[in-house]
Amino acid sequence: MITDELRCTADALPCADTLDASDDAWEKGTMKKGAAPISLAGSQLGNTRHVCAFFNSDDEEYRVLLPFIKDGFTCGDKAIHVVNPNQHEDHLQRLAAVGIDTAAAEQAGQFEIRASTDTYLRDGRFDQDRMLQVFEQLASGNANHEFPLSRIVCRMDWAAERRTHVDELIEFESRVNDLWNRHDDAVICTYNLSRFSGDTVIDIMRTHPAVIVGGILQQNPFYVPPEQFLREVRERRSPRTL
């Protein structure tokens, strides 16, 4: 079962009070400028801010992420939430339940809620290059960005509908690290474990410098830098095209 595989993997993850970019996986110029740590899932995000988060249920996901989300509103950061199409109203209700005035935040430009299918699958297909451009526009380094940081939370269930989506997504999750290494924004990609195979979960882990497993944020020793990971995954898939 996926949960058993993930639990075994989690046992090998090192816990840290603050995740930073000082280890070997962050060599070769990938470190950003230092930014104030952000509290998340029992630890703190330092310079490592592209996170995959694995959950078994919606309730578990919100229990872990709502404090992080609420703290972002309090700090004046931009909140960008990408949710399943049928999740819109439930998501707003859960934010309201912890005291977030989503209507006022939307009016002020601090909060955006988007449907995952509209965001990732424009015209019914996933285009990696287009999505890199989309996230570049959402990043706080953009000249039009009026807030200190972006805190971006993306539900990734859409990818489970088609194997080709999963293949493209795994490549994209690796490529987008080059973008987020240039910014201080926090980006949480959430995955429901019931929707993805064990092999896919391991690949997703390998494309994120930090991971939430069992509700705890941990530094991810299984992370592989984009150049190495993309070469490996493309070699792995090449027999499919022969």
Checklist line | Minimum heavy-atom distance Cys154-Ile152, with the two atoms named | finding: SG-CG2, 3.6 Å
Check: So His81 and Phe111, would you call those rings parallel, tilted or perpendicular, with 30° and 60° as cut-offs?
Finding: perpendicular
Note to self: With a 4.5 Å cut-off on side-chain heavy-atom distances among I, L, V, M, F, W and Y, is there a chain of contacts connecting Phe229 to Leu132?
What the structure shows: yes
Notebook entry, point to check: Hey, does the side chain of Arg195 reach the backbone of Tyr191 with a donor-acceptor pair shorter than 3.5 angstrom?
Noted result: no
Hey, can you pull the donor-acceptor pairs under 3.5 Å for the side chains in residues 120-130, sequence neighbours left out?
unit_1: Arg125; atom_1: NH2; unit_2: Asp127; atom_2: OD2; d: 3.4
unit_1: Asp127; atom_1: OD1; unit_2: Asp129; atom_2: N; d: 3.0
unit_1: Asp127; atom_1: OD1; unit_2: Arg130; atom_2: N; d: 3.0
unit_1: Gln128; atom_1: OE1; unit_2: Arg175; atom_2: NH1; d: 3.1
unit_1: Gln128; atom_1: NE2; unit_2: Glu168; atom_2: OE1; d: 2.5
unit_1: Asp129; atom_1: OD1; unit_2: Arg175; atom_2: NH1; d: 3.2
unit_1: Asp129; atom_1: OD1; unit_2: Arg175; atom_2: NH2; d: 2.8
unit_1: Arg130; atom_1: NH2; unit_2: Thr119; atom_2: O; d: 2.7

Notebook entry, point to check: Atom CD1 of Ile38 and atom CG of Leu217: how far apart are they, to the nearest 0.5 Å?
Noted result: 11.0 Å
Checklist line | Close side-chain approach of Phe172 and Thr207, heavy atoms under 4.5 Å | finding: no
Checklist line | Distance-minimising heavy-atom pair for Glu60 and Asn56 | finding: OE1-N, 2.7 Å
Check: Is it the case that one hydrophobic cluster holds both Leu40 and Phe147, taking links as side-chain heavy atoms less than 4.5 Å apart, direct or via other members?
Finding: no
Check: For the side-chain hydrogen bond (donor to acceptor under 3.5 Å, both in side chains) test, which of Asn192, Asp157, Thr117 pairs with Asn84?
Finding: Asp157
Item checked: Qualifying side-chain hydrogen bond (donor to acceptor under 3.5 Å, both in side chains) pairs with a residue from residues 67-79, counting only residues at least two apart or across chains -> Asp71-Arg151, Asp77-Arg151, Lys78-Glu112
Checklist line | Rounded distance [0.5 Å steps], CD in Gln110 versus OG in Ser150 | finding: 10.5 Å
Check: Ala53: what forms a side chain to side chain contact (heavy atoms under 4.5 Å, CB included) with it, not counting sequence neighbours?
Finding: Phe55, Ile188, Thr190, Ile212
Item checked: Salt bridge present between Asp59 and Arg63 (N-O < 4.0 angstrom) -> no
Margin query: If I compare all heavy atoms of Ala159 with all of Val166, which pair ends up nearest, and what's the gap?
Written below: O-CG2, 3.2 Å
Checklist line | Asp58 and Arg155 ion-paired at < 4.0 Å | finding: yes
Margin query: Are Val82 and Gln87 packed together at the side-chain level, in the sense that at least one heavy-atom pair is separated by less than 4.5 angstrom?
Written below: no
Next item on the list: Name all residues meeting the side chain to side chain contact (heavy atoms under 4.5 Å, CB included) criterion together with Gln133; count only those two or more places apart in sequence or in a different chain, and write none if there are none.
Entry: none
Next item on the list: Kindly indicate whether the side chain of His183, heavy atoms from C-beta on, has any atom under 4.5 Å from the side chain of Arg49.
Entry: no
Notebook entry, point to check: Taking the side chain as C-beta and beyond, is there a heavy-atom pair between Glu136 and Met131 under 4.5 Å?
Noted result: no
Item checked: Listed partners of Asp90 passing side-chain hydrogen bond (donor to acceptor under 3.5 Å, both in side chains), at least two apart -> Arg94
Next item on the list: State, with a plain yes or no, whether a side-chain heavy atom of Val134 is found less than 4.5 Å away from one of Arg114.
Entry: yes
Check: With distance as the sole test, does Asp185 use its side chain to make a donor-acceptor pair with the main-chain N or O of Ser140 at under 3.5 Å?
Finding: yes
Checklist line | Spatial distance of atom OG (Ser174) from atom OH (Tyr223) [nearest 0.5 Å] | finding: 6.5 Å
Check: Are any non-hydrogen side-chain atoms of His88 and Ile113 less than 4.5 angstrom apart?
Finding: yes
Next item on the list: Could you tell me whether the side chain of Pro85 reaches within less than 4.5 Å of the side chain of Ser116, counting heavy atoms only?
Entry: yes
Notebook entry, point to check: How many angstroms lie between atom CG of Asn181 and atom CG of Asn47, to the nearest 0.5 angstrom?
Noted result: 9.5 Å
Note to self: Please tell me whether Leu193 and Phe222 are part of a single hydrophobic cluster in this structure, the criterion being side-chain heavy atoms less than 4.5 Å apart.
What the structure shows: yes
Item checked: Distance flag, aromatic centroids of Phe196 and Phe54, threshold under 6.0 Å -> no
Notebook entry, point to check: Given Trp158 and Met156, is the side-chain contact (heavy atoms from CB on, under 4.5 Å) satisfied, shown in steps?
Noted result: CA-CA 5 Å; Trp158 60 270; Met156 308 305 291; 3.8 Å; yes
Item checked: Distance in Å, Cys189 SG paired with Leu169 CG, rounded so as to fall on 0.5 Å steps -> 8.0 Å
Notebook entry, point to check: For Ser39, what residues pass the side chain to side chain contact (heavy atoms under 4.5 Å, CB included) criterion, not counting sequence neighbours?
Noted result: Gln44
Checklist line | CD on Gln93 to OG1 on Thr102, rounded to 0.5 Å | finding: 10.0 Å
Check: With a 4.5 Å heavy-atom cut-off, do Glu171 and Leu230 have their side chains touching?
Finding: yes
